[in-house]
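Below: one structure, written as structure tokens.
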Amino acid sequence: MFAKIEELFKKKNVFSHKNQGITVAKVIEPASGLELAKEILYQIIDRKTVIYLSGGSVAELYKLLAKEEKILPGAVGLIDERYGDPLHSNSNQLLIKNTGLLRYLDILDIPFYSMLQGLPRVETAEIYDQKIRELNANFPKSVGILGIGPDGHISGIAPNRSDFKNPVFDAEQKTLLVSEFNDKTGKFKERVTTTFLGLEMLDLMIVIAFGSAKQNALDLMFEDGKEEDIPARFLRRPGVAEKTLLITDQNV
């Protein structure tokens with residue numbers, strides 16, 4: 001997939017460089033970054049590909065995909081979700097639906113697999129863990145779209161704090177592709193999320209980080225330290241960095 005991406009960089013005169021193994025594409029502004037991400041997806045996504053989506057500001061990319069009606073994946077899933085009833089007001093599922101992308105997928109009979117099924121949080125994570133294993137077994141290629149939070153979180157993986165120790169980092173969770181937690185004292189609250197292992201199973205991760213609010217998180221990401229403190233440091237792991245494309249308008 002990176003061969004096609006490199007060809008697109010040359011065609012579009014996109015400046016890219018390596019930082020600790022991660023391919024960094026520097027763009028002038030968010031709009032050009034979203035256009036680049038869109039064109040990359042058009043180049044690499046086909047019916048043999050399952051694509052996993054996250055929420056947040058990345059939703060602007062989904063609006064472009066829904067508007068142009070060109071992307072043709074084999075299936076679509078989620079990277080993480082805020083736990084609750086299906087389509088609850090703060091869910092990534094509703095966010096993506098409101099971009100028009102789910103309607104487009106439905107018209108073309110492209111399956112979308114939501115995390116939320118109206119089940120308890122632990123059971124929700126267990127069922128989606130199995131679903132990701134099935135999707136990755138049935139589709140030769142897998143691509144994840146991720147953002148980076150100002151605190152350095154990726155996926156729905158909250159960093160440890162003095163008042164919160166994320167069970168996702170526990171040894172007994174190392175074999176899970178999807179896990180869950182309840183951050184009672186912080187902003188994350190109840191989450192169901194792809195784990196580091198789940199992300200590591202992807203063939204390509206496209207990470208989008210725009211705006212000066214992300215500069216500090218990116219700086220910390222490339223600094224040595226614990227992944228539990230800055231989960232985005234996971235992307236620097238050997239074997240992971242080579243599969244990671246960072247599109248940003250910040251200096252890294």
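Put simply, the side chain of Thr193 never gets that close to the backbone of Ser179: no donor and acceptor are under 3.5 Å apart. When atom types are taken as modelled, the side chain of Gln20 and the backbone of Phe222 share a donor-acceptor pair closer than 3.5 angstrom. Side chain of Ser155 to backbone of Thr194: a donor-acceptor contact under 3.5 angstrom is found. Side-chain atoms of Glu81 come within 3.5 Å of backbone atoms of Asn92 as a donor-acceptor pair (strictly under, hydrogens ignored). Proximity of a side-chain donor or acceptor of Arg236 to a complementary backbone N or O of Glu223 within less than 3.5 Å is detected. Side-chain atoms of Tyr128 come within 3.5 Å of backbone atoms of Tyr113 as a donor-acceptor pair (strictly under, hydrogens ignored). A donor-acceptor pair under 3.5 Å is formed between the side chain of Glu242 and the backbone N or O of Gly239. Formation of a donor-acceptor pair under 3.5 Å by the Lys131 side chain with backbone atoms of Ser114 is not found in this model. A donor-acceptor distance shorter than 3.5 angstrom exists from the side chain of Asn166 to the backbone of Ala158, with no hydrogens or angles considered. Lys214 places no side-chain N or O within 3.5 Å of a backbone atom of Gly149 that could act as its donor or acceptor partner.
The shortest side-chain heavy-atom distance between Asp229 and Pro159 does not fall under the 4.5 Å cut-off. In this structure, Ile132 and Tyr52 have side chains that are in contact, with non-hydrogen atoms separated by less than 4.5 Å. Side-chain contact check for Ile45 versus Lys141: every heavy-atom pair is 4.5 Å or farther apart. Using a 4.5 Å cut-off on side-chain heavy atoms (C-beta onward), Ile145 and Ile51 make contact. The closest side-chain heavy-atom distance from Ile148 to Thr248 is not below 4.5 Å. When side chains are defined from C-beta on, Ile96 does not count as touching Val76, because their heavy atoms never get closer than 4.5 Å. In this structure the side chain of Leu204 reaches within 4.5 angstrom of the side chain of Phe2, judged on heavy atoms. Under the 4.5 Å side-chain criterion, counting only non-hydrogen atoms from C-beta, Tyr83 is not in contact with Glu180.
One distance of note links OH of Tyr42 with CD of Glu68; it measures 3.5 Å at 0.5 Å rounding. Atoms CG and CG, from Leu116 and Leu78 in turn, are 8.0 Å apart once rounded to the nearest 0.5 Å. Taking OG1 from Thr99 and CG from Leu65, the interatomic distance works out to 8.0 Å, rounded to the nearest 0.5 Å. Note that CD of Glu200 and CG of Leu177 are 10.5 Å apart. Values are rounded to the nearest 0.5 Å. Note that CD of Glu190 and NZ of Lys184 are 9.0 Å apart. Values are rounded to the nearest 0.5 Å. Separation of atoms CG (Leu245) and CD1 (Ile40) is listed at 5.0 Å; rounding is to 0.5 Å.
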Original post:
Between Arg82 and Lys189, is a side-chain contact (heavy atoms from CB on, under 4.5 Å) present by the stated rule, with each step listed?
Top reply: CA-CA 8 Å; Arg82 295 169 179 84; Lys189 305 305 179 185; over 6 Å; no
**OP:** Evaluate side-chain contact (heavy atoms from CB on, under 4.5 Å) for Val240 paired with Phe196, printing each intermediate quantity in order.
**Re:** CA-CA 10 Å; Val240 175; Phe196 285 156; over 6 Å; no
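Within 6.0 Å of atom CZ in Arg103, 12 or fewer heavy atoms from other residues, nucleotides or ligands are found, so the atom counts as exposed in its surroundings. Crowding of Met1 atom CE: a count of heavy atoms from other residues, nucleotides or ligands under 6.0 Å exceeding 12. Environment of CD1 in Ile107: crowded, with over 12 heavy atoms of neighbouring residues, nucleotides or ligands closer than 6.0 Å. The environment of Lys18 atom NZ is dense: over 12 non-hydrogen atoms of other residues, nucleotides or ligands sit within 6.0 angstrom. In this structure, Lys11 places its NZ atom where only 12 or fewer heavy-atom neighbours from other residues, nucleotides or ligands lie under 6.0 Å away. The environment of Lys97 atom NZ is sparse: at most 12 non-hydrogen atoms of other residues, nucleotides or ligands sit within 6.0 angstrom. By the 6.0 Å contact criterion, NZ on Lys165 is enclosed, its count of non-hydrogen atoms from other residues, nucleotides or ligands being greater than 12.
In summary, Glu35 and Lys38 engage in a salt bridge, as defined by a charged side-chain N under 4.0 Å from a carboxylate O. With respect to Lys4 and Glu7, no salt bridge is recorded, no charged nitrogen being found less than 4.0 Å from a carboxylate O. Residues Asp80 and Arg191 are paired through a salt bridge, judged by an N-O separation under 4.0 Å between the basic side chain and the carboxylate. Taking a cutoff of 4.0 Å between a charged side-chain nitrogen and a carboxylate oxygen, Arg161 and Asp163 qualify as a salt bridge.
Closest of all the heavy-atom pairs between Pro150 and Ala217 is O-CB, 3.6 Å. Of all heavy-atom pairs spanning Pro111 and Gly74, the tightest one is CD-O, 3.4 Å. A pairwise comparison of heavy atoms in Phe112 and Gly77 identifies CE1-O, 4.4 Å as the closest pair.
With Leu146 as reference, Leu199 is the one residue of Leu246, Leu199, Leu235, Thr244 to meet the side chain to side chain contact (heavy atoms under 4.5 Å, CB included) rule.
Using a 4.5 Å cut-off between side-chain heavy atoms of Ile, Leu, Val, Met, Phe, Trp and Tyr, with links allowed through other members, Ile127 and Leu135 fall into different hydrophobic clusters. Tracing side-chain contacts under 4.5 Å through hydrophobic residues (I, L, V, M, F, W, Y), one never reaches Ile230 starting from Ile154; they form parts of separate clusters. Hydrophobic clustering keeps Leu95 apart from Leu64 (ILVMFWY residues linked when any side-chain heavy atoms are closer than 4.5 Å, directly or through intermediates). Residue Leu176 is not grouped with residue Leu197 when hydrophobic side chains (ILVMFWY) are merged at heavy-atom distances under 4.5 angstrom, including chains of intermediate members. Grouping the Ile, Leu, Val, Met, Phe, Trp and Tyr side chains by contacts below 4.5 angstrom, directly or via other members, places Val58 with Leu41.
Side chain to side chain, Ser16 and Thr23 fail the donor-acceptor criterion of an N or O pair below 3.5 Å.
Ring pair Phe188/Phe164: centre-to-centre distance not below 6.0 Å.
Partners of Glu60 according to the side-chain hydrogen bond (donor to acceptor under 3.5 Å, both in side chains) rule, which considers only residues two or more places apart in sequence or in another chain, are Lys63.
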